[in-house]
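Working notes for the structure below.
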Amino acid sequence: MKTIIEPFRIKSVEPIRMTTAEERDRCIREAHYNLFNLHSDDVLIDLLTDSGTGSMSSRQWGGVMEGNEAYAGSPSFYRFEAAIKNLMPFKYLVPTHQGRAAENILFTVVLKPDSAVPNNTHFDTTRANVESQGADAVDLVIAEGVDPDSGHPFKGNMDIAALEQFIEERGVENIPLCMITVTNNSGGGQPVSMENIRQTREVCDRHGIPLFIDACRFAENAWFIKLREPGYADTSVPDIVREMFSYADGCTMSAKKDALVNMGGWLAMNNEEWAVECRNRLILTEGFATYGGLSGRDLEAIAIGLEEVVDEDYLKYRIASTQYVAEHLAREGVPTVLPAGGHAVYIDARRFAPHIPPLQYPGQSLAVELYRHGGIRGCEIGTAMFGKRPDGSEAPARQDLVRLAIPRRTYTQSQMDYVVEVVQEVFARREQLRGMKFTRQPRALRHFTGHFDYVD
Ligand SMILES: *Cc1c(COP(=O)(O)O)cnc(C)c1O
């Protein structure tokens, strides 16, 4: 295969401050070995998240100047609405400042304390917003989706039999809606097939349950369908996207992902009664119906981003670049989750450093070392994040992973090569990695603010 080249040239640059290993050693100690505590200008390649960290195009920046800031009825809103409806033709649209605001409004309106929401895998804010209504968030991804060795092409698929069974057991009257997340972020950015969306729709139809798509990475998912699902190789990405959404009754969206902007989101649906209530809620918490939590310039940038994200040259580069990192690591023996997802590469830290027991956080130790050795900031997704039970006890998480999330259109191929080299160098002396412990931890979400140190 030829070198992957970025399908853009760079017009404006942001310098990276080079740091020495000694400086980084001091920074990470001062951050109590928690990468969330670092100042980001002490980071060389920041792979903490792909959310809101991408680069806008010159057309989007031009759109920012065109933004119209009228309180009501701004032309920027109508451009935003047209761009969304071109891909996701739902009747009612509610602009929000980011994805979780859309979730909060939707669930406040449609859930009751005894409700349950099935999903392939809830993203953490989605789960938290369901649970804050007193309802249950239930994950029903296929078994292959949680098996790091499975080569299944659509590891984000919903387990259709489990969904049927769940609806029988819980009762239709307690399930106001079903969701499906594309791509499955918490399941490693793995895609969902068109067939699976269609089958989920059939089950929902049979029981009269509305289906909502958590649409954050809809374009990456559509590209995987084009590449991997029989019958779609010659279908255009916008047509694949339209078909995906034709099976749904609504969606929630974080524009910080596949709308190629740094802030924004929306909620869309066909149900008029729900839409009226959601709009009332929007005005209470976000803003008037034609801007929600956004300025006119944000609405313009999103409208343009939605045109750019379904461009096939962009998607080809995007997915190839993620795959490149995962495959080059795997080739050197670094245990990674394969096939690679759309937006991130996951290193299996438990197999990377088998001498560190899960309760000594091998993922945290590896993430710290990637920063110290090469200035790369990834994110532990394992026992430090999920290991603490509500009763205060601790157990190993299902997996100990380090996620390297790739911001959109931000880092070059040579910077990705550098990432591969740094991981390989740490892998070559992996037996030197040491177990860690918490020296301070809050009651909930300890990975964000907790302090770590090495064991003994
Ligand atoms: C990011 C994300 C959200 C939440 O969106 P925010 O804009 O961060 O509030 C919801 N679902 C998925 C799948 C996401 O990736």
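Values in this document were obtained by computation on a predicted structure and should not be read as measured data.
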How would you list, by chain and number, every residue that makes a side-chain contact (heavy atoms from CB on, under 4.5 Å) with [X], sequence neighbours excluded?
{"X": "Q323", "value": "I319, E327"}
{"X": "I225", "value": "F154, M194, N221, E229, Y232, I240, M244"}
{"X": "D41", "value": "H39"}
{"X": "H447", "value": "F36, M385, L445"}

[X]/[Y] ion pair, N-O < 4.0 Å:
{"X": "R59", "Y": "E66", "result": "no"}
{"X": "D258", "Y": "R217", "result": "no"}
{"X": "R201", "Y": "D249", "result": "yes"}
{"X": "E131", "Y": "R127", "result": "yes"}
{"X": "E220", "Y": "K257", "result": "no"}
{"X": "R79", "Y": "E300", "result": "yes"}
{"X": "K256", "Y": "D50", "result": "no"}

When you measure from the side chain of [X] to the backbone of [Y], do you find a donor-acceptor pair of N or O atoms at a distance under 3.5 Å?
{"X": "N262", "Y": "G52", "value": "yes"}
{"X": "T121", "Y": "G187", "value": "no"}
{"X": "R24", "Y": "T19", "value": "yes"}
{"X": "E380", "Y": "G382", "value": "yes"}
{"X": "E332", "Y": "L329", "value": "no"}
{"X": "R409", "Y": "S55", "value": "yes"}
{"X": "T383", "Y": "A397", "value": "yes"}
{"X": "D159", "Y": "L140", "value": "no"}
{"X": "T410", "Y": "R408", "value": "yes"}
{"X": "N120", "Y": "T181", "value": "yes"}

Checking side chain to side chain contact (heavy atoms under 4.5 Å, CB included) between [X] and each of [options], which is the one that passes?
{"X": "E81", "options": "L299, L93, N86", "result": "L93"}
{"X": "W223", "options": "R228, R318, K316", "result": "K316"}
{"X": "S365", "options": "L433, D400, V402", "result": "L433"}

Pairs satisfying ring pair (Phe, Tyr, Trp, His ring centres under 6.0 Å), at least one member in [range], at least two apart:
{"range": "residues 303-329", "value": "F8-Y317, Y324-H328"}
{"range": "residues 351-375", "value": "F352-F427, Y361-F438"}
{"range": "residues 237-266", "value": "F80-W266"}

To the nearest 0.5 Å, what is the distance between [atom1] on [X] and [atom2] on [Y]?
{"X": "L106", "Y": "C278", "atom1": "CG", "atom2": "SG", "value": "5.5 Å"}
{"X": "D214", "Y": "S254", "atom1": "CG", "atom2": "OG", "value": "8.5 Å"}
{"X": "I84", "Y": "I302", "atom1": "CD1", "atom2": "CD1", "value": "7.0 Å"}
{"X": "D46", "Y": "S40", "atom1": "CG", "atom2": "OG", "value": "6.5 Å"}
{"X": "S186", "Y": "I381", "atom1": "OG", "atom2": "CD1", "value": "7.5 Å"}
{"X": "S246", "Y": "I197", "atom1": "OG", "atom2": "CD1", "value": "9.0 Å"}

Would you say the side chain of [Y] lies within less than 4.5 Å of the side chain of [X], judging by non-hydrogen atoms?
{"X": "P354", "Y": "R350", "answer": "no"}
{"X": "P95", "Y": "L282", "answer": "yes"}
{"X": "E69", "Y": "R297", "answer": "yes"}
{"X": "F218", "Y": "M253", "answer": "yes"}

Does a donor on one side chain sit under 3.5 Å from an acceptor on the other, for [X] and [Y]?
{"X": "H343", "Y": "N185", "answer": "yes"}
{"X": "H32", "Y": "N37", "answer": "no"}
{"X": "E308", "Y": "S57", "answer": "yes"}

Exercise. Taking side-chain hydrogen bond (donor to acceptor under 3.5 Å, both in side chains) as the test, write out the residues that go with T126, two or more places apart.
Key: E103
Exercise. Check R389, K388, K437, R446 against E394 for a salt bridge (Lys or Arg N to Asp or Glu O under 4.0 Å) and give me the one that passes.
Key: R446
Going by salt bridge (Lys or Arg N to Asp or Glu O under 4.0 Å), name the pairs with one or both residues in [range], residues two or more places apart or in two chains.
{"range": "residues 413-428", "answer": "none"}
{"range": "residues 180-198", "answer": "R198-E243"}
{"range": "residues 357-374", "answer": "D25-R372, E369-R372, E369-R429"}

Exercise. Begin from the C-alpha positions of F448 and N34 and carry the test side chain to side chain contact (heavy atoms under 4.5 Å, CB included) through to its verdict.
Key: CA-CA 8 Å; F448 285 125; N34 186 332; 5.9 Å; no
Quiz item: Any idea how Y33 and Y454 line up, ring-wise: parallel (<30°), tilted (30 to 60°), or perpendicular (>60°)?
Solution: perpendicular
Practice problem: In sequence, state the C-alpha distance, the side-chain angles, and the governing distance for Y346 and T336, and then conclude on side chain to side chain contact (heavy atoms under 4.5 Å, CB included). | Solution: CA-CA 6 Å; Y346 292 74; T336 48; over 6 Å; no
Practice problem: Decide yes or no on side chain to side chain donor-acceptor pair (under 3.5 Å) for S414 and T412, but give the supporting numbers first. | Solution: CA-CA 5 Å; S414 65; T412 61; 3.2 Å; yes
Quiz item: Does any pair with a residue in residues 140-156 pass side-chain hydrogen bond (donor to acceptor under 3.5 Å, both in side chains), and if so which ones, sequence neighbours excluded?
Solution: D149-R351
Quiz prompt | Verdict with reasoning, C251 to F90, per side chain to side chain contact (heavy atoms under 4.5 Å, CB included) | solution = CA-CA 9 Å; C251 73; F90 300 114; 3.8 Å; yes
Exercise. Give a yes or no on whether R430 atom CZ has more than 12 heavy-atom contacts from other residues, nucleotides or ligands under 6.0 Å away.
Key: yes
